[in-house]
Every structure is written in structure tokens, then in C-alpha cells.
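Below, read A as the first sequence line, B as the second, and so on, with proteins coming before strands; counting in each chain starts at 1. Just so it is clear, the values below take in all heavy atoms, side chains as well, and ignore hydrogens, waters and symmetry mates.
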There are 2 protein chains.
Amino acid sequence: MDENQEFISILRAEGLRYTWQRQAIWDEIKSTDEHRDADDIYLSLKQAGKTISRATVYRTIDVLVKYGFIRKLEFGEGRMRLEHKLDPAHHDHLVCENCGRIIEFVDDRIEDLQTAVCQQHGFQLTRHVHQLFARCQAYPDCEYYQSQHR
Amino acid sequence: MDENQEFISILRAEGLRYTWQRQAIWDEIKSTDEHRDADDIYLSLKQAGKTISRATVYRTIDVLVKYGFIRKLEFGEGRMRLEHKLDPAHHDHLVCENCGRIIEFVDDRIEDLQTAVCQQHGFQLTRHVHQLFARCQAYPDCEYYQSQHR
DNA sequence: TTTCTATTGTGAATGAGTCTCAATAATATA
DNA sequence: TATATTATTGAGACTCATTCACAATAGAAA
Ligand SMILES: [Mn+2]
Ligand SMILES: [Mn+2]
Ligand SMILES: [Zn+2]
Ligand SMILES: [Zn+2]
């Protein structure tokens, strides 16, 4: 089934209504592979002439999280960041403290060791947060940083 | 040198003043191995007759973090938690989503793999956040949970 | 169409944490 | 010990992300 058809039918199946606001927010989040915050989404939509209230943006984000379309991330900045899950594979994040770049990684050995640690304590792993904060090779002068800050 | 003498001399060495408020907050955080939040500290002190403004609690926490006495943690609850670093060894956290228990763990293989992942991307690891969310064996009935909620 | 009720927009509220500023108290100095 | 200097404190205003209440609106079912 087409990806957007699935979006629509999941809403319907859950007794939720299909609104242009929900479609626009989902489209906006799908449109890049970045890890943006709620206000980014709100402002981008506004810029594009689709003004939707912040309350609706936040409410829709919760719907998208609940039905597995997106994921909330928290890098200790005091606000949530979002990413779509079009590619359903799990990954963790490497964040450059120099330039802000976010790199995705998966290491199967780490994944297995996490499960093992839980088992050793008699726990069943349900989810995990794994973030590596690092400095890119170019520290302290980074072209990426320059490019992002003009 | 006695642990508290060190507290006092670090303050002095940094040109900071030794106040009973700072001593009381440090004592309160040292007093347990739990992972409490700022308001817990504030309220416990108040309960004990040592009323200190919240602003001072937050300011002192930042001083304690800066000089390595404590560490801030963020478990995605929207507020910081604290832990003392009397034992300077690094550890990560396993959090039970059933009863709230927090278990500390270290796995040297994971620690090494984290460094390796960073190197593969040409980054220098500076710090990491690793939290395992899990269910204890007793799920959904947990004596620990019962004991914490009367 | 009409009806039903989920969704929306608005703006107020929340809550953790920060900031300002006048009063206070820790330390250095005489 | 008295005085001067200035870091620290307390009070409360403020910030900022997010949530909430509620009246108006608009999907969807009949
Ligand atoms: Mn990602
Ligand atoms: Mn700990
Ligand atoms: Zn992972
Ligand atoms: Zn670790």
C-alpha cells in the first residue's frame, strides 16, 4: 500500500479524522532526514502559507509518535527533536559538540550487549537511549559549522 | 584530605565563598545514592528546617557540577536529576519502566565500542548518555513499586 | 442534509529553570 | 576588632517549551 494511503487508513482505523493539518505536518516532517524541533515544523509550515496553531502541531506530533510514524528525541537541549521513521531500522545518534552535526549509527554488538546487561539484572529491555557526544576532526574549525551559520 | 575539607578548599581556591547554604545542599545531595531532582533537594532541606531559596539551590547545583562533585542526569522526564560523585567511577543507568527503580551498570565492552564508533566517523568522544529502559521480572506486580507507593 | 463529535485555534496556564536587584554576609584588610 | 569590599542570597518577575480549556469548526456517518 502507498505510504500516504497507510497514513490515512491508520487514522481512519483508529477513529481519528483525516485533516489537512495532520497531512501537512506529516508531510513537513517527512520532507527531510534532519532532526528538527516542533517550532521548526510550525515555522516552516507557516512560511509555506500553511499556518497551523502550535497546539495542533504538538497534538499531531503525539498522534504521529503513537502510531509509529515519527520518533521524539531529546539531546539535553530542553526541547524535543523529531525524526520520521520511513526507514524503520533502529539507529542511535552521534552528536558533534563542535558543529552540531548529528550522525546516525547502529552497532549490533552494542545492541546485543544492552540486552545482555538487562538480562543479567533480570530485566526485559523495552527501549534505550544511546547518544555519543563528540568532536569532529575539524575541531575547532569546521566547514560544516561555518556552512550552517553562514 | 578529608572529603569536606576538599569541598571547602575548592570553593576557596576558586574565589567562591563558603556558605552554610552551599554546605547544606552538598550534604543533602551526598546523603543518599538516589537520583533526585532539584525540588526534592529543596523540599528535604526545608523539611529539615533549612529553608534555602530555589534560586540558590539551582545556583549551587551548577557550582557542584562545575567542580565535579555531582552530575546532572536527564531521563526524559522534563527535569534534571542529580547524583553525587563520591565514587568517581563512571556508570550508566538501567531504569525500570514498571517500578521506577534505577540500577547502575558499566560494561567495558560497550564503553570500548562507543569509542570505536566515534573513531570510525573521525570523531573524538567527549561524553555519552546511555540509558536502558526495561521491565523488572516482577512486572506488573513489583514489591519495590508497592514499597515506594506505600 | 442533518447530526454527531473529533479537531482546531486562541490564549491562558503550567512548570522547570533563569534572571534581576536590593539586602546580606563572608572574607580581606587595617 | 572594626571596616571595606564584593560574592551570595532571597524574592519574585520572567522565560520558554509544552499543555490545557473551551468555544467554534469541520470531518464523517446516516
Ligand atoms: Mn536519527
Ligand atoms: Mn547513577
Ligand atoms: Zn541502539
Ligand atoms: Zn558508559
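The CD1-P distance, from B:I61 to C:dG17, rounds to 8 Å in whole Å. D:dA17 atom C1' lies 8 Å from atom CE of A:M80, rounded to whole Å. Counting to the nearest Å, the C1' atom of D:dT18 and the CD1 atom of A:I41 are 15 Å from each other. Atom CD1 in A:I52 sits roughly 15 Å away from atom C1' in C:dT10 (whole-Å rounding). One can place OH of A:Y42 at 8 Å from P of C:dT10, the figure rounded to the nearest angstrom. To the nearest angstrom, P of D:dC20 lies 18 Å from CZ of A:R54. If you measure from atom CD of B:E14 to atom C1' of C:dT27, you get 17 Å, rounded to the nearest angstrom. In this structure, the CG atom of A:L11 is 12 Å from the C1' atom of C:dT7, given to the nearest Å.
Under the 6.0 Å cut-off for aromatic ring centres, A:H130 and A:H90 do not qualify, their centroids lying 6.0 Å or more apart. Centroid-to-centroid, the aromatic rings of B:F75 and B:H93 come within less than 6.0 Å.
Using modelled atom types and a 3.5 Å distance limit, the side chains of B:Q21 and B:T56 yield no donor-acceptor pair.
For the pair B:K30 and B:H84, the tightest heavy-atom approach, listed with the atom from each and the gap, is O-CD2, 3.9 Å.
Put simply, the side chain of A:R81 does not reach to within 4.5 Å of the side chain of A:E34, judged on heavy atoms.
Nearest-nucleotide positions on DNA chain C for B:R12 and B:D39 put B:D39 closer to the 5' end. Heavy-atom distances to DNA chain C give each of B:L16 and B:R79 a nearest nucleotide, and the one nearer the 5′ end belongs to B:R79.
Side-chain atoms of B:T56 lie closest to D:dT9 of the nucleotides D:dA28, C:dG9, D:dT9. The side chain of A:R22 has C:dT7 as its nearest neighbour among C:dT7, C:dG11, D:dT18. Comparing C:dT18, D:dA28, C:dT10 against the side chain of A:R17 picks out D:dA28 as the nearest. In this structure, the nucleotide among C:dA26, D:dT9, C:dT10 sitting nearest to the side chain of A:A55 is C:dT10.
Taking side-chain N and O atoms only, B:Q21 has a distance below 4.0 Å to OP1 or OP2 of D:dG10. The phosphate of C:dT8 has OP1 or OP2 within less than 4.0 Å of a side-chain N or O from A:T19. Contact check, A:Y58 against D:dT18: a side-chain N or O comes under 4.0 Å of OP1 or OP2.
One N or O donor and one acceptor, one from the side chain of B:R59 and one from the base of D:dG10, sit under 3.5 Å apart.
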